[in-house]
Number of protein chains: 2
Amino acid sequence: MSQRTRLTPEQRREQLLDLGIRLFAHHSLDEMSIDLVAREAGISRGLLYHYFGDKTAFREAVVRRAAEALVAQTEPPATGEPVERLLHSMAAYVDFVDANYEGYVSMVRGAASDPVLREIYDDAFGALGGRIFEAAPDFVPDTPAARLVVRGWLAMSEELVLSWKKDPAGLSREDLLGLLAGSLPMLLDSLET
Amino acid sequence: MSQRTRLTPEQRREQLLDLGIRLFAHHSLDEMSIDLVAREAGISRGLLYHYFGDKTAFREAVVRRAAEALVAQTEPPATGEPVERLLHSMAAYVDFVDANYEGYVSMVRGAASDPVLREIYDDAFGALGGRIFEAAPDFVPDTPAARLVVRGWLAMSEELVLSWKKDPAGLSREDLLGLLAGSLPMLLDSLET
DNA sequence: CCAGTCTATTGACAGACGTTCAATAGGCAA
DNA sequence: TTGCCTATTGAACGTCTGTCAATAGACTGG
């Protein structure tokens, strides 16, 4: 049972992080105990501590990797109309959640409990929101109030996509995208009055 | 140290639930261990198990009580214009979060992790959303799509209020309320097109 | 082919927390 | 005061996190 396999630190780290991401699909963060991960990876508990320090650090590394994947995959195209680029980015977001539903839910749920995970999650969404201001500096004034509204809009978008995934409520993917992309300008407009 | 005080089951239950609510203000759900609650209440761990079965059941009881308080305090007035009543209810919500900020955050964060807590939280927000349809049956058609939008709007409202509480971003309480109450009709309108 | 060295990896151990249950003691009735 | 009912306790067990000295793969120079 204890057939030792010796890998380079890089390989081992990769293996464990990949495993963590995969376990996200079927286990919540709380269920992802050191015991489970070690057993699943075929290594001793001690090795996980050797590489990541403690349980929360391992979680952080896994969540950070998932968050980076989200940000990377929702990168809007470099050219095009602002509205068009926003629509593209939102479509990528919807597809990301659609493809990684269970894992995404685990990330969101887990991020809520731990402050450090929360920060990683916030940074990721901050990056998503920040693009809005970079992409359309003429239309969207970069004020604290606008930042606040974008934050709220992102929270709504997440809730809508997750709820839509569970029950589409008669809305097509395009309906949903139109709703998401259309609501942001409306919200920002209502701020000016 | 172990001066036993014998209470009636009702008194003891009340005491422990009240304590749980109070501990919410300074401890996350994870930090609220059986040990901590028992120590704080001046009782043995066993007694908590006697009354609530296990840790999750105690959490559920505390969160349920907090959720009930939220629903009760945001009850809209029975009479008045629909928009007026919505505004009243939202004002009560903002004030509730404002007054119980730490506890509210603990509830939201905790609800994310545990499925049962999630359900309690969802039911509470379902009740909040349900009022929208009861209050204005003429304006708001009760369709699955509209329910979905209200859900998203509630998520945005929560995020906006919590973020606003941390940093008002130059918005007054009235600005915020206007933004919240104004955005719902806009969102529902954009659904019809 | 063979030491010798480096370090990836392990297993045993301590502490914290959740949970169970038989024993204990507070208060009411007779 | 006596005796019963039951609210309450504390010890005991299992699981999980975290620590650390001991172990064993794999590469090096001879």
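First the proteins, then the strands, lettered A, B, ... as listed; each starts at 1.
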(request) Name every residue in residues 7-28 of chain A that has at least one heavy atom under 4.0 Å from any atom of DNA chain D, in order of residue number, or write none if there are no such residues. (result) none
(request) For B/Leu36 and C/dA16, give me the distance from atom CG to atom C1', rounded to whole Å. (result) 14 Å
(message) For B/Tyr121, give me all partners under ring pair (Phe, Tyr, Trp, His ring centres under 6.0 Å), at least two apart in sequence or on another chain.
(response) B/Phe125
(request) May I have the distance from A/Glu31 (atom CD) to D/dC16 (atom P), rounded to whole angstrom? (result) 12 Å
Any N/O pairs under 3.5 Å between the protein and nucleotides 19-23 of chain D? List them or say none.
from   : atom 1 : to     : atom 2 : distance (Å)
D/dT23 : O2     : A/Arg4 : NH1    : 3.0

(request) Could you pick out which residue, B/Asp35 or A/Leu48, lies toward the 5' side of DNA chain C when each is mapped onto its nearest nucleotide? (result) A/Leu48
(request) Quickly work out the A/Leu47 CG to D/dT17 C1' distance and round it to whole Å. (result) 16 Å
(request) Verify, without hydrogens or angle tests, whether B/Ser163 (side chain) and B/Leu160 (backbone) share a donor-acceptor contact under 3.5 angstrom. (result) no
(message) Is it the case that the side chain of B/Arg85 and the backbone of B/Pro77 share a donor-acceptor pair, with hydrogens and angles ignored and the cut-off at 3.5 Å?
(response) yes
(message) So which atom in A/Asp175 and which in A/Gly170 form the shortest heavy-atom distance, rounded to 0.1 Å?
(response) OD2-O, 4.3 Å
(request) Could you check whether A/Tyr51 gets within reach of a base, just the sugar-phosphate, or nothing at all, counting any heavy atom under 4.0 Å? (result) sugar-phosphate
Under 3.5 Å, which donor-acceptor pairs do the side chains of residues 102-114 of chain A form with other protein atoms, sequence neighbours left out?
from     : atom 1 : to       : atom 2 : distance (Å)
A/Tyr104 : OH     : A/Tyr93  : OH     : 2.8
A/Tyr104 : OH     : A/Glu158 : OE1    : 2.8
A/Ser106 : OG     : A/Phe24  : O      : 2.9
A/Ser106 : OG     : A/His27  : O      : 3.4
A/Ser106 : OG     : A/Glu102 : O      : 3.2
A/Ser113 : OG     : A/Gly110 : O      : 2.8
A/Asp114 : OD1    : A/Val116 : N      : 2.8

(message) Distance check needed: D/dT17 P versus A/Arg59 CZ, whole Å only.
(response) 8 Å
(message) Does A/Arg12 qualify as a cation-pi partner of A/Tyr51, given the criterion of NZ or CZ under 6.0 Å from the six-membered ring centre and within 45 degrees of its axis?
(response) no
(request) Go through C/dC17, C/dT9, C/dT10 for me and flag the one nearest to the A/Arg6 side chain. (result) C/dT9
(message) Listing request: all side-chain hydrogen bond (donor to acceptor under 3.5 Å, both in side chains) pairs with a residue in residues 66-76 of chain B, at least two apart in sequence or in separate chains.
(response) B/Thr74-B/Arg131
(request) Measure from the side-chain heavy atoms of A/Ser44 and tell me the nearest of C/dT10, C/dC17, C/dA25. (result) C/dT10
(request) For A/Ile43 and D/dG25, give me the distance from atom CD1 to atom P, rounded to whole Å. (result) 16 Å
(request) Taking all heavy atoms of B/Ser183 and all of B/Met156, pick out the closest pair and write down the distance. (result) OG-CE, 3.6 Å
(message) From C-beta outward on B/Lys55, which listed nucleotide comes closest to its side chain: C/dG26, D/dC16, C/dT19?
(response) C/dT19
(message) If the condition is salt bridge (charged side-chain N to carboxylate O under 4.0 Å, His left out), which residues does A/Asp95 pass it with, not counting sequence neighbours?
(response) A/Arg173
